[in-house]
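Structure first, commentary second.
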2 protein chains.
Amino acid sequence: MTLASRHDSADDSPGLLLWQVTNRWQAAQRAALKPFDITHVQFVLLATLTYLGPAGPVTQKALADMAATDAMMTSQVLRTLESRGLVHRPAHPTDRRARAVAVTEAGRDLANQAVVAVEACDAAFFAGLGDHLPAFTAALRTLRAG
Amino acid sequence: MTLASRHDSADDSPGLLLWQVTNRWQAAQRAALKPFDITHVQFVLLATLTYLGPAGPVTQKALADMAATDAMMTSQVLRTLESRGLVHRPAHPTDRRARAVAVTEAGRDLANQAVVAVEACDAAFFAGLGDHLPAFTAALRTLRAG
DNA sequence: TGCATTTAGTATGCGCACTTACTATCTGGT
DNA sequence: ACCAGATAGTAAGTGCGCATACTAAATGCA
């Protein structure tokens with residue numbers, strides 16, 4: 001199978017399929033998050049902050065690693081979230097280079113509402129896979145590990 | 001499985017996994033295409049144009065449908081490709097609203113070189129799946145069909 | 001202690017993806 | 001033939017994702 005034959009729609013490369021499917025998924029996420037007026041990445045960071053467990057406040061770098069987002073991006077998006085009062089990021093207690101990012105009450109409320117919409121969106125998106133979902137998820141985990 | 005438990009890295013949602021894997025794949029594509037000085041989307045459109053078979057020149061809308069790219073994006077990227085002499089888009093012979101997009105010799109040459117790099121990149125990326133690749137591809141096709 | 005290296009974060013610029021709004025043209029029903 | 005609606009494409013604006021360059025602070029080692 002080569003790209004040279006991809007005008008035959010039954011024979012696309014896995015890479016192109018992955019890209020196209022992700023585009024569809026992102027569009028669905030955007031639609032699901034529109035009522036909350038936050039973007040996909042904003043939601044990912046907010047949800048990660050909200051549900052990171054007992055670890056407590058983290059640095060922006062640690063959050064970026066957790067959420068698998070770009071570090072530069074994380075900085076910018078967090079400033080946006082801060083301007084909306086959804087997170088606050090005071091100076092880090094021991095590392096004066098860093099900031100200790102934490103979600104606010106408003107941010108936690110929004111995350112709790114948005115996560116319901118996002119999970120419903122995901123459930124609908126992957127419903128077509130049926131019994132093959134666990135195998136699909138396992139394959140994605142393999143690819144993520146690289 | 002809920003997002004609320006995603007700090008447990010063994011239990012991520014399929015949506016987030018899909019997003020993270022695609023980010024990795026796009027980074028790999030970017031690296032593979034860097035020597036050719038074209039972006040991922042530019043390559044997709046150029047390759048689609050080059051290998052669309054005997055159908056000949058197409059409109060920008062038809063190309064966008066084929067490549068599963070956004071129509072506005074397609075317009076913009078094609079103008080970039082045109083400015084580099086990789087495609088030309090004269091007026092459509094019968095529909096004066098439309099343009100008949102076609103790849104140039106230079107564009108075809110570049111596509112033929114880039115496709116080798118991209119296929120090698122894809123092969124390496126999905127090598128970890130081994131025998132599970134066909135099932136994975138089938139699942140992606142199911143999701144793309146929606 | 002002093003200095004090179006590493007790390008956290010910011011600033012800036014480019015290309016992508018999408019949205020809304022708009023023009024020009026084609027098409028179909030009466 | 002006419003006019004409403006659909007379609008191809010462009011224009012402008014926003015947010016994402018990444019790359020490069022930079023500042024400031026922590027770290028490690030002689």
Side-chain angles (χ1 to χ4, degrees), chain A residues 19-34 36-46 57-84 87 89-101, chain B residues 19-34 36-46 57-84 86-101:
Chain A
W19 179 61
Q20 292 171 358
V21 168
T22 304
N23 282 348
R24 280 177 51 86
W25 179 78
Q26 287 209 22
Q29 292 272 305
R30 244 194 324 276
L33 289 172
K34 197 164 193 177
F36 305 100
D37 197 29
I38 56 174
T39 65
H40 170 56
V41 173
Q42 286 172 3
F43 168 75
V44 169
L45 291 180
L46 199 58
V58 291
T59 64
Q60 293 187 173
K61 179 66 167 61
L63 178 59
D65 289 343
M66 257 184 280
T69 54
D70 181 71
M72 272 46 105
M73 204 59 242
T74 304
S75 170
Q76 184 179 333
V77 171
L78 283 178
R79 266 172 284 166
T80 303
L81 291 176
E82 188 183 37
S83 74
R84 293 184 51 186
V87 306
R89 9 172 248 149
H92 194 278
T94 62
D95 189 336
R96 277 192 291 172
R97 295 170 304 178
R99 291 168 178 272
V101 186
Chain B
W19 179 59
Q20 292 171 359
V21 168
T22 304
N23 282 348
R24 280 178 50 86
W25 178 77
Q26 288 209 23
Q29 292 273 305
R30 240 193 327 276
L33 288 172
K34 196 163 193 177
F36 305 100
D37 196 28
I38 56 174
T39 66
H40 170 55
V41 173
Q42 287 173 3
F43 167 75
V44 169
L45 291 180
L46 198 59
V58 291
T59 65
Q60 293 186 174
K61 179 66 168 60
L63 178 60
D65 288 344
M66 257 184 280
T69 54
D70 181 71
M72 280 22 124
M73 204 59 243
T74 304
S75 171
Q76 186 177 332
V77 171
L78 282 178
R79 266 173 285 167
T80 303
L81 291 177
E82 187 183 37
S83 75
R84 293 183 52 186
L86 300 175
V87 306
H88 53 93
R89 9 172 248 149
H92 193 278
T94 62
D95 190 337
R96 276 192 292 171
R97 295 171 305 181
R99 291 169 178 271
V101 187

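Naming convention: chains lettered A, B, ... in sequence-line order (proteins, then strands); numbering from 1 in each chain. Not measured: the values here are computed from a predicted model.
Residue B:Gln60 places at least one side-chain N or O under 4.0 Å from the OP1 or OP2 atom of D:dT10. Note on B:Ser75: every side-chain N or O is 4.0 Å or more away from OP1 and OP2 of D:dG9. Contact annotation: A:Arg96 side-chain N/O to D:dT23 OP1/OP2 distance is not under 4.0 Å. Checking the phosphate oxygens (OP1, OP2) of D:dG15, no side-chain nitrogen or oxygen of A:Thr39 falls inside 4.0 Å.
Here the C1' atom of nucleotide C:dC16 and the CG atom of B:Leu78 are 14 Å apart, to the nearest Å. The distance from atom CZ of B:Arg97 to atom P of D:dG9 is 8 Å, rounded to the nearest whole Å.
Using a 4.0 Å heavy-atom cutoff across all strands shown, B:Gln26 reaches no nucleic acid atom at all. Residue contacts shown for A:Gln76 are absent, as no nucleic acid heavy atom lies under 4.0 Å away.
In terms of position along DNA chain D, the nucleotide closest to B:Ala62 lies nearer the 5' end than the nucleotide closest to the other residue of the pair B:Ala62 and B:Arg30. Between A:Thr69 and B:Arg79, it is B:Arg79 whose nearest contact on DNA chain D lies nearer the 5' terminus.
Listed nucleotides C:dA8, D:dA8, C:dT19 differ in distance to B:Asp70; the shortest reach to its side chain belongs to C:dT19.
Within the 3.5 Å criterion, the main-chain N or O of B:Arg99 finds no donor-acceptor partner in the side chain of B:Arg89.
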